Participant: 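Provided herewith is a single structure, encoded as C-alpha cells, for subsequent inquiry.
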Amino acid sequence: EPLKRTTGLVVERSRDSASAIMRAMRFLAGRVAQALRRISLWVYGGIVAAILVGAAVVLLVNKPPRPIPEPVSPSSPEPAPSVTTAPPAPPEGMVYIPGGTFQMGYDMSAGDLQSGPPHQVTVEPFFIDKYEVTIEAYLKNKNPMMQAGESEETKLPMTGVNWSEADSYCRSLAKRLPTEEEWEFAARGTDGRIYPWGNKFEADKANVADILGSFAPVGSFPGGNSPFGVSDMSGNAMEWTDSDFRVYEGSNYRPAGCSQPCKVIRGGAYFDGPQDATAVFRREYEPSVLSRRRNAYAVLGFRCAKEITR
C-alpha cells in the first residue's frame with residue numbers, strides 16, 4: 001500500500017514536471033518566434049535600406065557634373081566693344097589729314113639754319129586744299145558773277161597776293177590759312193622725308209629749278225604728291241602760312257625782322273633749287289607792307305585749311 005502511494009506520487013510529480021517542461025518549452029518557443037520575427041524585420045529593413053542606398057549611389061554616379069563657372073572679377077568691367085570710326089569726308093577740293101606726331105625741321109648741317117634743328121610736334125586732324133588756290137577760284141570769289149572761261153592760265157596758282165589778301169580769301173570760305181606745322185605735316189607725313197615724295201630729289205616730281213621757266217597749272221606733277229595726296233608742296237608757288245616766324249629752339253639763326261610780325265612762307269618757288277624746295281623749307285617774309293613794291297609778292301600763293309568740327 002505505501003509502495004503504491006509512493007509510486008503514484010512519483011508518477012504525479014513526473015506529470016507535473018512534464019507539464020512544467022512543456023510550458024517552459026512553449027514559452028521558449030514563443031520567445032524564439034518573437035526573436036525570429038524581429039530578426040526578419042531587421043533583415044528585411046536592412047535589405048530595403050541597402051537597396052535605397054544603392055539606388056542613391058547609382059543616381060549620384062550617373063548625374064552629369066555641374067559646369068564650373070568662369071571666375072569673374074568684380075573690379076574688372078567687361079571691355080567696351082571697339083568701334084572703328086571712318087575718317088570724315090573732306091569738303092570738295094580738300095584732303096583729310098589725320099594728324100599725328102612727327103619730327104619737324106631737319107639737321108642744320110645742311111646749311112638751312114631757319115629750318116632746324118628737328119623737334120617733335122603734334123598736330124590735330126584737319127583738312128587742307130589739295131591744290132594751291134588758282135587764278136580762276138580767286139577771281140570767282142572776288143566776283144561771283146564773273147564768267148571766266150577755263151584755260152590753262154586760269155589753272156595757274158594765284159600769286160601776287162599778300163598775307164592779308166590770302167587770309168581774307170580763306171576766311172570768306174569758312175576756312176583759314178594752315179599753320180606751318182600743319183603745312184609741313186601735310187607735305188611730309190611722319191617718316192621724316194625731305195621732299196613730299198621721298199628723300200631724293202627727282203626733277204620730274206615738281207616744278208623746281210626753273211625747268212619750265214614759269215608757273216605750271218596746279219596738279220601738273222602728281223608723281224610728286226605728298227603721302228596724303230596733296231599736290232605742289234615743292235616748287236611752283238611759294239605759300240603763305242598762318243604762323244608768325246619764330247626761330248626754332250637751339251638754332252642760331254637771326255631773322256632780319258619785319259615791320260610787322262614776319263609770316264612763315266613755305267615750299268619754294270619754280271625757280272628755286274632743290275635745296276630750297278623741300279618739305280621743310282621755311283623763310284620769314286613781310287606780310288603786307290611790301291605791296292607798294294613791284295613784284296614783292298609775285299611768286300607768293302597759298303592754299304587753305306579747315307578745322308574738323310566734331
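Since we're looking at a predicted model, the values are computed, not measured.
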Participant: Where do S226 and A187 come nearest, in terms of heavy atoms and distance?
Facilitator: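 Closest heavy-atom pair between S226 and A187: CB-O, 3.4 Å.
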Participant: Decide if atom CD of E202 counts as having more than 12 heavy atoms of other residues, nucleotides or ligands within a radius under 6.0 Å.
Facilitator: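 Counting other residues, nucleotides and ligands, CD of E202 exceeds 12 neighbours.
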Participant: CG of L177 to SG of C304: how many Å apart, nearest 0.5 Å?
Facilitator: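 So the gap between those two atoms works out to 6.0 Å.
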Participant: Are the side chain of S115 and the backbone N or O of V280 linked by a donor-acceptor pair below 3.5 Å?
Facilitator: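 Present.
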Participant: Between NZ of K142 and CG of L139, what distance do you get to the nearest 0.5 Å?
Facilitator: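 Reported value, rounded in 0.5 Å steps: 9.5 Å.
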Participant: Are E182 and T241 packed together at the side-chain level, in the sense that at least one heavy-atom pair is separated by less than 4.5 angstrom?
Facilitator: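 Side-chain contact under 4.5 Å: no.
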Participant: State, with a plain yes or no, whether a side-chain heavy atom of F102 is found less than 4.5 Å away from one of E184.
Facilitator: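 Side-chain contact under 4.5 Å: yes.
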Participant: Are W163 and D242 side-chain neighbours, meaning at least one heavy-atom pair lies under 4.5 Å?
Facilitator: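 Answer yes - side chains close enough.
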Participant: Please give me the minimum heavy-atom distance between S251 and P117, naming the atom from each residue.
Facilitator: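 Looks like N-CD, 3.8 Å.
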Participant: Salt bridge check, D167 against R176: does any charged N sit closer than 4.0 Å to a carboxylate O?
Facilitator: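 Salt bridge flag = no for D167 with R176.
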Participant: Is a side-chain donor or acceptor of N236 paired with a backbone partner of A216 at a separation under 3.5 angstrom?
Facilitator: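 Confirmed, N236 side chain pairs with A216 backbone.
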Participant: For a quick test of reading the model, state the closest non-hydrogen atom pair linking A237 to G301 and the distance between them.
Facilitator: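 Smallest heavy-atom distance, with atoms named: CB-N, 4.1 Å.
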Participant: Is there a path of hydrophobic side-chain contacts, each under 4.5 Å between heavy atoms of I/L/V/M/F/W/Y residues, joining F215 to M233?
Facilitator: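 No.
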Participant: Out of E239, E132, E180, which residue meets the salt bridge (Lys or Arg N to Asp or Glu O under 4.0 Å) rule with R266?
Facilitator: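 The residue from E239, E132, E180 that satisfies salt bridge (Lys or Arg N to Asp or Glu O under 4.0 Å) with R266 turns out to be E180.
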Participant: Which pair of non-hydrogen atoms, one from A277 and one from G235, has the smallest distance, and what is that distance?
Facilitator: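 Heavy-atom minimum between the residues: CB-N, 4.0 Å.
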Participant: Indicate yes or no for a side-chain donor-acceptor contact from T179 to the backbone of S243 under 3.5 Å, with no hydrogens or angles considered.
Facilitator: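 No.
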Participant: Does any part of the side chain of R193, heavy atoms only, come nearer than 4.5 Å to the side chain of P227, both counted from C-beta?
Facilitator: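 Yes, close enough: below the 4.5 Å cut-off.
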Participant: Only one of N141, V133, D129 forms a side-chain contact (heavy atoms from CB on, under 4.5 Å) with L173, so which one is it?
Facilitator: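 Of the listed residues N141, V133, D129, the side-chain contact (heavy atoms from CB on, under 4.5 Å) partner of L173 is N141.
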Participant: Measuring from N162:CG to S168:OG, what's the distance to the nearest 0.5 Å?
Facilitator: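 Output value for this atom pair is 10.0 Å.
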Participant: Could you check whether any side-chain heavy atom of V208 comes within less than 4.5 Å of a side-chain heavy atom of F201, counting everything from C-beta outward?
Facilitator: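 Side chain of V208 against side chain of F201, heavy atoms only: contact under 4.5 Å found.
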Participant: Could you go step by step and tell me if R283 and M238 meet the side chain to side chain contact (heavy atoms under 4.5 Å, CB included) rule?
Facilitator: CA-CA 10 Å; R283 292 290 183 272; M238 288 183 181; over 6 Å; no
Participant: If we ignore hydrogens and angles and just use 3.5 Å, is the side chain of K306 paired with the main-chain N or O of A174 as donor and acceptor?
Facilitator: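 Yes; at least one donor-acceptor contact below 3.5 Å.
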Participant: Between D232 and R303, does a side chain to side chain contact (heavy atoms under 4.5 Å, CB included) hold up when you go through it step by step?
Facilitator: CA-CA 10 Å; D232 303 317; R303 72 182 75 220; 4.2 Å; yes
Participant: Which distance, rounded to the nearest 0.5 Å, do you find between the OG1 of T190 and the CZ of R188?
Facilitator: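 If I round to the nearest 0.5 Å, the distance is 10.0 Å.
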Participant: Examine distances only and state if a side-chain atom of K155 and a backbone atom of T134 form a donor-acceptor pair shorter than 3.5 Å.
Facilitator: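 No, because the side chain of K155 does not come within donor-acceptor range (under 3.5 Å) of the backbone of T134.
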Participant: Does one hydrophobic cluster hold both W183 and Y285, with members joined at side-chain heavy-atom distances below 4.5 Å?
Facilitator: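 Shared cluster, no.
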Participant: Using 30° and 60° as the class boundaries, would you call the ring planes of Y297 and W240 parallel, tilted or perpendicular?
Facilitator: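 Taking W240 first and then Y297, their aromatic rings sit tilted (interplane angle of 30° to 60°).
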Participant: Is any side-chain heavy atom of Q103 closer than 4.5 Å to a side-chain heavy atom of Q120?
Facilitator: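 In short, these two side chains touch, coming nearer than 4.5 Å.
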Participant: Evaluate S288 against Q260 for side chain to side chain contact (heavy atoms under 4.5 Å, CB included), listing each step before the verdict.
Facilitator: CA-CA 8 Å; S288 60; Q260 300 172 281; 2.9 Å; yes
Participant: What's the shortest heavy-atom distance between P87 and Y96, and which atoms?
Facilitator: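 Taking every non-hydrogen atom into account, CB-CE2, 3.5 Å.
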Participant: State yes or no: do F221 and Y195 share one hydrophobic cluster built from I, L, V, M, F, W and Y residues joined by side-chain heavy-atom distances below 4.5 Å, directly or via other members?
Facilitator: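 F221 does not cluster with Y195.
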Participant: Given 3.5 Å as the limit, does a donor-acceptor pair link the side chain of T101 with the main chain of T122, or not?
Facilitator: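 Side chain of T101 to backbone of T122, a donor-acceptor pair under 3.5 Å: no, none is there.
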Participant: Taking it one step at a time, do Y169 and V161 satisfy side chain to side chain contact (heavy atoms under 4.5 Å, CB included)?
Facilitator: CA-CA 10 Å; Y169 172 89; V161 293; over 6 Å; no
Participant: So, is the end of the R282 side chain (NZ or CZ) under 6.0 Å from the ring centre of Y248 and within 45° of the ring's axis?
Facilitator: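 Geometry flag: set, cation within 6.0 Å and 45°.
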Participant: For residues F281 and T278, report the shortest heavy-atom separation together with the two atoms involved.
Facilitator: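 So the minimum-distance heavy-atom pair works out to N-OG1, 3.0 Å.
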Participant: Working to the nearest 0.5 Å, report the span between CD of E284 and CZ of F245.
Facilitator: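 With rounding to 0.5 Å, CD (E284) is 4.5 Å from CZ (F245).
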Participant: Hydrophobic clusters here meaning ILVMFWY residues chained together by side-chain heavy-atom distances under 4.5 Å, can you tell me if L156 and L300 are in one?
Facilitator: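 Yes; tracing contacts between hydrophobic side chains, which count when under 4.5 Å, links both residues.
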Participant: Tell me whether V230 shares a hydrophobic cluster with F126, the cluster being built from Ile, Leu, Val, Met, Phe, Trp, Tyr side chains joined at under 4.5 Å.
Facilitator: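 Cluster IDs for V230 and F126 match.
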Participant: Would E286 and S259 count as having a side-chain donor-acceptor pair, cut-off 3.5 Å?
Facilitator: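 Per modelled atom types, E286 and S259 side chains form a pair under 3.5 Å.
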Participant: Starting at CG of D210, measure out to CG of N207 and round the result to the nearest 0.5 Å.
Facilitator: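 So the gap between those two atoms works out to 8.5 Å.
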Participant: Counting C-beta onward and ignoring hydrogens, is there a side-chain heavy-atom pair between V218 and S231 closer than 4.5 Å?
Facilitator: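 A side-chain contact is absent here, since even the closest heavy-atom pair is not under 4.5 Å.
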Participant: Less than 4.5 Å apart, any side-chain heavy atom of I265 and any of K263?
Facilitator: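 The answer is no; the side chains never approach within 4.5 Å.
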